[in-house]
Each structure stands twice: as C-alpha cells, then as structure tokens.
Amino acid sequence: MDRLSARDTLEHAWRYFALHAGQRMSLFNYFVLCFAFVSAGLAGCIRAEGPLRLVGAALGLTLAAIALAFWKLDQRSAFLVKHAEGALREIEKQVAEEEARLFHDEPEETAGSQQLPSPLWRVWTYGQTFRVLFAIAGVVGLGGCALSVYLFFS
C-alpha cells in the first residue's frame, strides 16, 4: 500500500478532529434542550398539587440521569477530540511553518493563560465548563426530586 502524502495525512486528521469536535458540540446542544424541557416540567410539577408532585420526583431523577449520561458521552467525545489534537500536533510539527503550528502551540499558549490567581478568572476549557453545567443539572434534578417527594408527603 502507498503511504499517504503529508497533505492527505493532515486532511485525514483534520476530518477526524472536525467530526468529533462537531459531535461534542451537538451532544452539548441536546443536553441543553433536555435540561431546559425536563427542568421546566419539574418546576411545573413542584408547583402543582397531589400526584403530579410524584411525577416531579420522577422528572428530577430523569434529569439527574440525563446529566450523568451526557457527562459520560462528553468524556468519550473529549477523548476522541484530544486524540485528534495529538495527531494534528505531530503532523504540524513535521510539515507546518513554525508560525502556523496552531495545534502544536496551543497547550503552551493555554498554560500561559492559566496564571491568574483565581480559577474564576482563568480561561476554562470546554470540558471544565461542561462538567460544571452537568453537575448543576444533576443537583437540580436530585434537589427537585427530593423537594417533590417532601411536598407530596407534607
């Protein structure tokens, strides 16, 4: 078999990166929609009377499960994106001009932006931001479940 040219190798790695980075953002968009709809239903059930509050408990558990599932899917997507970034870094090191080595230089550039004293002011990665939002959704879900059960029995 013939080996791929440098251009074909770069194109192959780029397509792999673009596919998985796009999938990661699509997954997050679906998570936001699920979070919005389920939490709206949960809020409605909490405000309702009677057995609808137990539906709220189920919605709260569902929201927590959705947050967990999307967190795990994001972990896989992040792994695949990082895998592609590593390949692109190596390819750039071999074929790109020094000033065009975007993937190769990114870790060092990001590390430089992490020098601020407070984590709130530092640059967050997509993963850090997504994990905070997944955790918030899980807490809202479990809290909503507990509140629904409490209100139903009180």
Side-chain angles (χ1 to χ4, degrees), residues 1 3-47 55-148:
M1 251 173 85
R3 293 184 57 84
L4 295 175
S5 69
R7 180 180 203 80
D8 290 340
T9 302
L10 181 60
E11 181 68 25
H12 170 69
W14 174 255
R15 285 185 184 158
Y16 184 92
F17 170 80
L19 170 71
H20 293 296
Q23 284 178 339
R24 188 175 191 196
M25 294 310 296
S26 292
L27 277 169
F28 186 72
N29 289 336
Y30 284 117
F31 166 73
V32 169
L33 283 173
C34 288
F35 183 29
F37 285 123
V38 175
S39 61
L42 174 59
C45 289
I46 288 172
R47 293 188 64 177
V55 173
L59 286 175
L61 290 176
T62 299
L63 182 57
I66 287 170
L68 177 65
F70 275 96
W71 170 54
K72 295 309 286 180
L73 288 169
D74 183 63
Q75 280 184 325
R76 178 65 179 156
S77 294
F79 171 81
L80 295 171
V81 168
K82 294 286 183 209
H83 184 61
E85 288 173 347
L88 286 164
R89 270 194 295 280
E90 287 303 310
I91 294 166
E92 280 183 348
K93 189 166 54 173
Q94 295 173 16
V95 301
E97 299 295 326
E98 215 172 297
E99 56 275 354
R101 295 179 182 168
L102 302 174
F103 284 91
H104 182 270
D105 295 343
E106 186 275 328
E108 186 178 319
E109 295 289 330
T110 299
S113 70
Q114 301 300 321
Q115 301 306 316
L116 295 170
S118 169
L120 288 176
W121 302 118
R122 294 179 194 149
V123 174
W124 286 15
T125 65
Y126 280 98
Q128 289 169 319
T129 305
F130 290 176
R131 284 189 296 276
V132 166
L133 294 173
F134 296 144
I136 289 169
V139 168
V140 167
L142 294 175
C145 175
L147 181 59
S148 293

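The residues of the chain are indexed from 1 along the displayed sequence.
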Practice item. List the steps and the verdict of side chain to side chain contact (heavy atoms under 4.5 Å, CB included) for E85 and K82. Key: CA-CA 5 Å; E85 288 173 347; K82 294 286 183 209; 3.4 Å; yes

Q: For W14 and L88, run side chain to side chain contact (heavy atoms under 4.5 Å, CB included): C-alpha distance rounded to whole Å, both residues' side-chain angles, the deciding distance at 0.1 Å, then the answer.
A: CA-CA 7 Å; W14 174 255; L88 286 164; 4.2 Å; yes

So does P117 get a backbone contact from the side chain of R122, meaning a donor-acceptor N/O pair under 3.5 Å? yes

Next on the checklist: Please check: side-chain N/O of E92 versus main-chain N/O of L102, any donor-acceptor pairing under 3.5 Å?
Outcome noted: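 Confirmed, E92 side chain pairs with L102 backbone.
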
Is atom OH of Y126 surrounded by more than 12 heavy atoms (other residues, nucleotides or ligands) closer than 6.0 Å?
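Count not over threshold, so no.
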
Grab the two heavy atoms, one from [X] and one from [Y], that are nearest each other, plus how far apart they are.
| X | Y | value |
| --- | --- | --- |
| R101 | E97 | CG-O, 3.3 Å |
| R24 | D74 | NE-OD1, 2.6 Å |
| A57 | C145 | O-SG, 3.5 Å |
| L63 | S39 | CD2-CB, 4.3 Å |
| L59 | V38 | O-CG1, 3.5 Å |
| L42 | G56 | CD1-O, 3.0 Å |

**Prompt:** Looking at F31 versus F134, is the centre-to-centre ring distance below 6.0 Å?
**Reply:**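 Ring centroids of F31 and F134 are less than 6.0 Å from each other.
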
Centroid-to-centroid, F17 to F103, below 6.0 Å?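 Centroid distance F17-F103: below 6.0 Å, so yes.
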
- Item | Pairwise side-chain contact, L19 with Q23, heavy-atom cut-off 4.5 Å (strictly under) |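 In short, these two side chains touch, coming nearer than 4.5 Å.
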
Checklist line | Side chains of F70 and F130 in contact at under 4.5 Å (non-hydrogen atoms) | finding: no

Charged N to carboxylate O below 4.0 Å: is that the case for R7 and E11?
-> no

Drop me the distance from [X]'s [atom1] to [Y]'s [atom2], to the nearest 0.5 angstrom.
| X | Y | atom1 | atom2 | answer |
| --- | --- | --- | --- | --- |
| Y30 | L73 | OH | CG | 13.0 Å |
| I46 | L147 | CD1 | CG | 4.5 Å |
| K93 | I91 | NZ | CD1 | 11.5 Å |
| E99 | D105 | CD | CG | 10.0 Å |

